[in-house]
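Let me begin by presenting the structure, written as structure tokens, before commenting on it.
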Amino acid sequence: MDARYNPQAIETKWQAHWRETGLDRTPELSEGIRKFYALSMFPYPSGRLHMGHVRNYSITDVIARHKRMQGYAVLHPMGWDAFGLPAENAAIDRGIPPAKWTYENIAQMRDQLQRLGLSYDWEREVTSCSPDYYKWTQWIFLQFLAAGLAYQKEAAVNWDPVDQTVLANEQVDAEGRSWRSGALVEKRMLKQWFLKITDYADQLLADLEKLPGWPERVRTMQENWIGQSTGAKVVFKSESGDELPVFTTRPDTLWGATFMVLSPEHPLVERLTTPEQAEAVKTYQAQAAAQSEIDRTAEDREKTGVWTGSFAINPVNGEKIPIWIADYVLMGYGTGAIMAVPAHDQRDFEFARKFGIPIKLVVQPPDESVTSAADLQAAWAGEGVMIHSGPLDGIPAGKGPGQSVEKAIAWLEEQGLGEKQINYRLRDWLISRQRYWGCPIPVIHCPNCGIVPVPEADLPVILPEEVELSGRGGSPLAQMEDWVNVKCPTCGTEARRETDTMDTFICSSWYFLRFSDARNDKEIFRKDQVNGWLPVDQYVGGIEHAILHLLYSRFFTKVLRDRGLLDFDEPFLRLLTQGMVQGLTYFNPNKSGKDKWIPAALIKDPDNPVDPETGEKLEKIYATMSKSKGNGVDPEEVLANYGADTARMFILFKAPPEKDLEWDDADVEGQFRFLNRVWRQVHEFVEQAHFQDLLTSEIAVGSLSKPEKDLRRAVHTAIKEISDDIEEGYQFNTAISELMKLSNALNESGLLQSPVYADGIRTLVLLMAPFAPHIAEELWQALGGTGSVHQQSWPSYDPAALIADTVTIVIQVNGKLRGSFEAPSEVTQEEQEQLALASEVAQKYLDGATPKKVIVVPKKLVNFVV
RNA sequence: GGGAUCGUGGCGGAAUGGUAGACGCUACGGACUUAAAAUCCGUUGUUCGCAAGAACGUGAGGGUUCGAGUCCCUCCGAUCCCACCA
């Protein structure tokens, strides 16, 4: 064994050895085996790993390694979310074909992952842009189509009028201009594909309760996103007899409706507009259409709108109320039309105020000074009593049982005027992308047969190579005439392929299922494999995927379940959202925009940071690593300087996994020091001629010296604490601090020649194995261990070894700490109290008086109340 | 506006309602060295004190409790998500 810790040498050596011996291969599932599926969100192959990746994968790797040592059959795979815009950009900017660019990046990143010592089963690697994977993505699409869950409809896209191309949202800047041409982006209506996720809204919401292993805030975010609200559908009629259904969560305020508002895009607007109002309405509609999403949803916007000229009849009281259009009503939610109750809705209130529409109070606020709508300064939305509301008069207003909303719904249903309805904010998922580097939608448009799915036998629909990518002109695939023109599989006439590709979120909505049977070329996966390995026991990834990716994956799982392909409801049992990795940077508070960031490298004196250009004082801050801030740390650099084990240990020790982590070179250094210390410790031990005997000799538990007993207790405490830290919430930071404590205890014991010490050294190496796999393996071999350290059983502790001969009893007087004493660990409550009473401290503070009350916590403390 | 999470030394962070600050970083002092690095040993919440020790201390204010960083209420501040969603 080398005297010096040389991380690069041992890491390369062991990585090669593990690969050759197939250490990380997934075992076969078998009867009675305990399985564990540990998964990190698969990365986009940008070409270079960043610290966020390192953190994500280190967390999962510790979990996987620990579970293997506990005897679980572990599935720990890795893959590539490989379709997407950056590959197309590379093609446009540098003329590299997207496939070439992507596969080269994958090769680089795979190499980086391997050098981090991550224990993936590379035989199960999946790549979403590879035909053997996207064949099944297309197959799933056909399943959706067959189930009636995929459909086409007109929807707006971002259109660049200069380059004549559709833009992704990311290609449109904050001002609504194209990133490439700088032209103002227009909204253009195109027929596009949607998945009916709304059919599953109720299940997606209800099943969140089956996920106690998810962070509360992710569940809440999904809940918000699905956005369930309960209310009623009420049908208003225009004077001319057109039906105008509205959705309201407060049907009890129907008697206070003084106008109606339709969304400018509402299909009935044209019919309802009178000739006198036609011009104003047209103008308003045009304005609304031209507005970007950002403008339309901007905060504190003043209400705008136009009267259509016609009226509706309020079904509950026959009142005639004007019908307006306004952009604060959204076509995509509810029915695109609302009844407006200005007295009890802030938006309606503002609108009515501005346009002089009457405001009618139907809930009496408890404040008696408010006797009419004229007194209202803002819409009243609190508790009160119903007034001017026919059958509801006198009933307490509110959504609770027996309150006005419930009564109103019952009454409406009785009268046949409306019914209870549950509405969701969730919209159907627009999956069409007018892009090249994505999974082709396996559909053929036939002039005779309409939409014809590509027959299963013809899958995959291969993405054509040699495509011209310029970022201009229409959809790239539409220009590939040879590819586009096909015969209809049903009737044989000339037909055209669908030229849209799928949103890449589709590809990532099922990859975790494919890992269960990744090399299967006959079917998407065998049912016994997917049911055996799934659900994922621990999923780890960034909070940025808290909504879309996780929601879509849950949706896919439920649809595939309903198609009979698998037997579970939820794909991810437990979820850990890891915090960001932040880097030190400086900013000039007098500057704004990108210019304000000054990379730490440009700071000469960290104690007094100044702007190198202007000499102004700078402020120090930790922020998410990014190019523009110049505060990124390249994992390669850390690997080169300290090795993978130090990088992993640092990142796991610095903060709990869910919290943001501040990168600090001094702390990295500290971690490297610790590994060196352990290295020397083991080295010193094995330099003893008879160290093998010490390792194999039985520990005579009954006849240990006091220091030996103490050391043995430290060893077993470490096993307990580290096991608990890993199992109860992945507290790796405290687990590593326990490793340090054990190392310190061994050091301070001076018992180099005791079997207890030998056992401690061996235990330390075993406990380190999941965190720092290479050094642990090297030291394991130095100790003469057989097999790989990663194939050893996780150590277990002897509860008896945790008990000390004496315990420290704390003395409190009136709950205030006043002293402590040592007592034998088998002390009884009475003895403990007597000992405390007799102690000097108690004598001093009690001063002979008898305590009013004595609280005794066995083996912990005695509190005298005087 | 709605919701979620969180406020602890110089810093990152520990603390099943029971000795607040584990573990680490930084800083300071010492040993080794011709010297430096590395390593090792100390000290390191604040204030008072030569010391023994004492007082204060987990964003602020209340409450529950023998005892509160931890539980409850009010407020202040930070971060994140959603948001003209009827």
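In what follows, every chain begins at residue 1, and chains take the letters A, B, ... in the order their sequences are listed. Note that the structure is predicted; figures quoted are calculated from it, not measured.
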Before giving the answer on ring pair (Phe, Tyr, Trp, His ring centres under 6.0 Å), spell out for A/Phe505 and A/Trp429 the whole-Å C-alpha distance, their side-chain angles and the decisive distance to 0.1 Å. CA-CA 10 Å; A/Phe505 271 112; A/Trp429 177 10; 7.1 Å; no

In whole Å, what is the span from the CZ atom of A/Phe732 to the P atom of B/rG13? 17 Å

Whole-Å distance separating the NE2 atom of A/His266 from the P atom of B/rA86: 17 Å

With ring pair (Phe, Tyr, Trp, His ring centres under 6.0 Å) as the test, would you mind laying out the steps for A/Phe732 and A/Tyr730 before giving the verdict? CA-CA 6 Å; A/Phe732 302 130; A/Tyr730 304 130; 5.8 Å; yes

Indicate syn or anti for B/rG9, taking the glycosidic torsion and treating anything within 90° of 0 as syn. syn

Classify A/Gln731 by what it touches in the nucleic acid, base, sugar-phosphate, or nothing, heavy-atom distance under 4.0 Å. sugar-phosphate

P-based separation of B/rA55 from B/rG2 [nearest Å]: 46 Å

Whole angstrom value for the distance that separates C1' of B/rC80 from CG of A/Asn224: 12 Å

Which part of the nucleic acid, if any, lies within reach of A/Pro215 when heavy atoms closer than 4.0 Å are counted: base, sugar-phosphate only, or nothing? nothing

Among B/rC80, B/rC85, B/rU19, the one nearest A/Gln812 by side-chain distance: B/rU19

Rounded to whole angstrom, note down the P distance from B/rG63 over to B/rG69. 15 Å

Under 3.5 Å, which N/O atoms of the protein pair with N/O atoms of nucleotides 38-42 of chain B?
unit_1, atom_1, unit_2, atom_2, d
B/rU39, O3', A/Arg680, NH2, 3.2

Taking A/Glu350 first and then A/Arg353, would you say they form a salt bridge - that is, a charged N and a carboxylate O separated by under 4.0 Å? no

Given B/rG67, is OP1 or OP2 found less than 4.0 Å from the side-chain N or O atoms of A/Lys860? no

Take atom CZ of A/Arg425 and atom P of B/rG1, then tell me their distance rounded to the nearest Å. 17 Å

From B/rA22, B/rC66, B/rA86, pick the nucleotide closest to the side chain of A/Arg347? B/rA86

Listed nucleotide nearest any side-chain atom of A/Asn744, set B/rA15, B/rC23, B/rA14: B/rC23

Whether A/Thr249 contacts B/rC85 is assessed here as follows: a side-chain N or O lying under 4.0 Å from the phosphate OP1 or OP2. Is that the case? no

Ignoring hydrogens and angles, answer whether the base of B/rC66 and the side-chain atoms of A/Lys852 contain a donor-acceptor pair closer than 3.5 Å. no

Any sub-3.5 Å donor-acceptor pair from A/Lys859's side-chain atoms to A/Ser825's backbone N or O? yes

With no hydrogens and no angle check, do the side chains of A/Thr304 and A/Tyr284 hold a donor and an acceptor under 3.5 Å apart? yes

Can you check nucleotides 7-12 of chain B for protein contacts, nitrogen or oxygen pairs under 3.5 Å, and list what you find?
unit_1, atom_1, unit_2, atom_2, d
B/rG12, O2', A/Lys654, O, 2.8

Using a distance-only test with no angle check, is there a side-chain donor-acceptor pair under 3.5 angstrom linking A/Thr577 and A/Glu658? no

Going by distance alone, is a donor N or O of one side chain under 3.5 Å from an acceptor N or O of the other, for A/Tyr328 and A/Asp348? yes

Candidates B/rU19, B/rC85, B/rA15 - which lies nearest the side chain of A/Arg427: B/rC85

Rounded to the nearest angstrom, tell me the gap between atom CG in A/Asp428 and atom C1' in B/rC85. 16 Å

If you only use heavy atoms from C-beta on, which nucleotide in B/rU16, B/rU19, B/rC23 is closest to the side chain of A/Leu817? B/rU19

Could you give the CD-to-P distance, from A/Glu721 to B/rA14, as a whole number of Å? 14 Å

Of the listed B/rC84, B/rA22, B/rG18, the closest approach to the A/Leu861 side chain comes from B/rG18

Classify the side-chain pair A/Arg425/A/Gln228 by whether it contains a donor and acceptor separated by less than 3.5 Å. no

Can you tell me, in whole Å, how much space there is between the P of B/rU70 and that of B/rU16? 13 Å

Return the 5'-most residue of the pair A/Lys816, A/Phe864 with respect to RNA chain B, ranking by each residue's nearest nucleotide. A/Lys816

Quick one: is A/Asn733 getting a side-chain N or O under 4.0 Å of the B/rA14 phosphate, OP1 or OP2? yes

Of the options B/rA86, B/rC81, B/rA14, whose atoms approach the side-chain atoms of A/Ile547 most closely? B/rC81

With no hydrogens and no angle check, do the side chains of A/Gln671 and A/Thr646 hold a donor and an acceptor under 3.5 Å apart? no

Contact between A/Leu426 and A/Ile197 at the side-chain level, heavy atoms closer than 4.5 Å - yes or no? yes

Between A/Glu302 and A/Lys354 (salt bridge meaning N to carboxylate O under 4.0 Å), is one present in this structure? yes

Between A/Thr734 and A/Asp725, is there a side-chain donor-acceptor contact under 3.5 Å, judged purely by atom types and distance? yes

Sticking with atom C1', work out how far B/rU46 lies from B/rU8, rounded to a whole angstrom. 14 Å

Do the side-chain N and O atoms of A/Asp252 and A/Ser404 include a donor-acceptor pair separated by under 3.5 angstrom? yes

Within less than 4.0 Å of OP1 or OP2 of B/rU65, is there a side-chain N or O belonging to A/Asn863? no

Roughly how many Å apart are B/rG53 and B/rG17, using the C1' atom of each and rounding to a whole number? 29 Å

Watson-Crick or G-U pairs under 3.5 Å in RNA chain B, rendered as dot-bracket with [ ] for crossing pairs and | for another strand: (((((((..(((.....[....))).(((((.......))))).((((....))))..(((((..]....))))))))))))....

Mind checking the C1' distance from B/rG61 to B/rC76? Whole angstroms is fine. 10 Å

In whole angstrom, give me the gap between the P atoms of B/rG67 and B/rC48. 31 Å

Value in whole Å for how far the C1' atom of B/rA83 lies from OH of A/Tyr328: 16 Å

side-chain N/O A/Gln346 vs B/rC85 OP1/OP2, d < 4.0 Å: no

What nucleotide, of B/rA14, B/rA86, B/rU19, holds the atom closest to the side chain of A/Val810? B/rU19

Between the base of B/rG24 and the side chain of A/Gln671, is there a donor-acceptor distance below 3.5 Å? no

Can you measure from CG (A/Leu837) to OG (A/Ser839) and round to the nearest 0.5 angstrom? 7.5 Å

In whole angstrom, give me the gap between the C1' atoms of B/rC85 and B/rU5. 25 Å

Picking from B/rA86, B/rA22, B/rC81, the nucleotide nearest the side-chain atoms of A/Thr248 would be B/rA86

Rounded to the nearest angstrom, tell me the gap between atom CZ in A/Phe650 and atom C1' in B/rG24. 11 Å

5′-ward residue of the pair A/Ala666/A/Lys741 relative to RNA chain B: A/Lys741

Would you say that more than 12 heavy atoms from the other residues, nucleotides or ligands in this model lie under 6.0 Å from the NZ of A/Lys420, or not? no

Which of the following nucleotides, B/rC84, B/rU19, B/rC66, is nearest to the side chain of A/Thr808? B/rU19

